[in-house]
Amino acid sequence: MKPGRIVKVAGPLVVADNMTNTKIYDVVRVSEMKLMGEVIEMRGDEASIQVYEETGGLGVGAPVYPTGEALSVELGPGLIEPIYDGVQRPLNIIMDQAGNRITRGIDIPGLSRDAKWDFKPSVKPGDKVEEGDVLGTVQETVLVLHRVMVPPGVRGTVKKIESGEHVVTDRIAVIEDDNGKDIDITMITRWPVRTPRPYKEKVMPTEPLSTGQRVIDAFFPITKGGTACVPGPFGSGKTVVQHQLAKWADAQIIVYVGCGERGNEMTDVLIEFPQLTDPHSGEPLMLRTILIANTSNMPVAAREASVYTGITLAEYYRDMGYSVALMADSTSRWAEAMREMSGRLEEMPGEEGYPAYLGTRIAEFYERAGKVVCLGKDNRIGALSVIGAVSPPGGDLSDPVVQATLRVVRVFWSLEDKLAYRRHFPAISWLTSYSLYVPNLEEYLLKEYGKEWIDNVESALAILQEEAELEEIVRLVGLDALSPDKRLIMETAKSIREDFLHQNAFDDVDTYSSFEKMVKLMELVLLFHSLAEEALNAGVPVVDIALLPERERIARAKFTPEDKLDEFEKIKDEIRKAFKDLKEKVLAEA
Ligand code: ADP
């Protein structure tokens, strides 16, 4: 195809004319350096191109080569383990070849062409197959069985299927389509990142994505296939929340898209992630994780692409029938990239200079989450949960990115700096956060954990609400002015906050709480409360209750290892006994 010609360079934006052969969202190669770019606007034969590499040194008149293809990723075995940049270039290989600074125009494919995979067919010649059917599997890592699927749009009869060691570009099957035409199938396929991958239908997510974080699992749960937003000011714990979810959420595949605010922050992720251990298998977490990293010294446009690259890879594993969780930290950087490109295109700005289509883009992104019936005759179920951090300037929730995100996601974990200052972590506010999935989950929770759990969660939230109201009064007239039952509410609320909600991500035991342990811990706190209520009614002074040494047992209960959960029954007995003694003492005195 005839190359176009640069007429203008403005930072990451390049304008070229003579681009009649190009469509919007096509990839182009800019100048003899072959820098990668994507057409984001066409006016006549003039294309505006966002360039994913530094544009320094580009001049007017340099050629622009169309590729005729939309910005796409490679899909196939080998996606897990390499660390990618926003346009799926393997950073670790680039660093080996080119050192720390990315050499411009470097063209390394997303999937290794040399790695051999042992393909085990699950169909045989003569079988009828359709899009999404599993042709066979390869063991991608010890933790991930990769299902090689019939690509979308292909159906017919298997003519040939070749087991054994193959590189991704080898032909592993031949499918004869309904017109008698042979289609060669390899393990590698390509998919345009801005187009959602197809599925049969979306189904209602009804199962929790357990995260091991009590405030989330108990109060503001997310489902497998759900969406959540974590906005919060700098230092409030967004990154720790995302890392905790990556480590502990019961998803089979984790996709982590990091758009670093500061260069070293991403470096932390790059260093930290490879050291993490998968708690379920003891293997490195990287063996089921896809890491996409944009350091801040990479051009802003690459961040824009990275969320699409990430979600496309996530959809691909969802299509295999896995539960996938994608974390994007932080989507504000993505929105800022949009704003910068929009400004350079001289589009009419919307709120705070963000483009008018900000809300649409954000909605389209989160729409790609969900629990789905995958393509393929076996009707397997896949789920893609998406959790986006947002870092609004000054933590201001009226920020357009926060607002646009809250319009589409169903869970809001509101991180508050007030809590972070008090070292209450996770600093997720129990008063302003919400989960719209609670009704969807009720049936599941009822079945698994019974009515008592659902009631306990409601009581605990009600006590915390009441505490917030009473705090006003306490501020005006002091704690002593409260009636004994209200003082008990204050005591129990404190216990819910400190003994249940507070969870130290850096403590070996407390970092993760199974559902079972969480249920038991809540039972302890509320058992104490209900016995205390009874005792108050029997005339026990509230100070005596507050001074009971069993409170200390409750405070330490969260450090009980998962294999010693029977301890909780012992603590309950101790609490019951303590209250019995108290009541007897009061009776004896009376
Ligand atoms: P952000 O990404 O919002 O800027 P971070 O996630 O980096 O904030 O958290 C800031 C600091 O807060 C962490 O370095 C850590 O010391 C503390 N922190 C956050 N969450 C927790 C937690 N769950 N347990 C213990 N400490 C936490």
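Start at 1 and go down the list; that is how both ligands and their atoms are numbered.
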Does one side chain, of Ser495 or Asp499, offer a donor that lies under 3.5 Å from an acceptor on the other?
yes
Test salt bridge (charged side-chain N to carboxylate O under 4.0 Å, His left out) applied to Glu491 and Lys494, step by step:
CA-CA 5 Å; Glu491 291 292 334; Lys494 182 163 175 263; 5.4 Å; no
Asn504 heavy atoms, cut-off 4.0 Å: which ligand 1 atoms fall inside?
24 (N), 25 (C)
One thing to verify: whether Glu53 and Arg89 come together as a salt bridge, which I'm taking to mean a side-chain N less than 4.0 angstrom from a carboxylate O.
yes
With a heavy-atom distance limit of 4.0 Å, tell me whether Pro233 approaches ligand 1 through its side chain, its backbone, both, or neither.
backbone
Does Glu140 reach the side chain of Tyr317, with side-chain heavy atoms less than 4.5 Å apart?
yes
Against heavy atoms of Phe234, which atoms of ligand 1 measure under 4.0 Å?
4 (O)
Assess whether a salt bridge exists between Asp278 and Arg288, defined as any Lys/Arg side-chain N lying under 4.0 Å from an Asp/Glu carboxylate O.
yes
Do Val386 and Leu384 come within less than 4.5 Å of each other through their side chains, counting heavy atoms only?
yes
As a check for students: among Ala389, Ser236, Gly235, identify the option with a heavy atom nearest to atom 11 (C) of ligand 1.
Gly235
Go through ligand 1 atom by atom and flag the ones less than 4.0 Å from a non-hydrogen atom of Gln503.
22 (C), 23 (N), 24 (N)
Counting from 1, what ligand 1 atoms have a heavy atom of Ala505 closer than 4.0 Å?
22 (C), 23 (N), 24 (N), 25 (C)
Backbone, side chain, both or neither: what part of Gln244 comes under 4.0 angstrom of ligand 1, heavy atoms only?
neither
Run the numbers for me: atoms of ligand 1, each under 4.0 Å from some heavy atom of Phe506, listed by number.
15 (C), 25 (C), 26 (N), 27 (C)
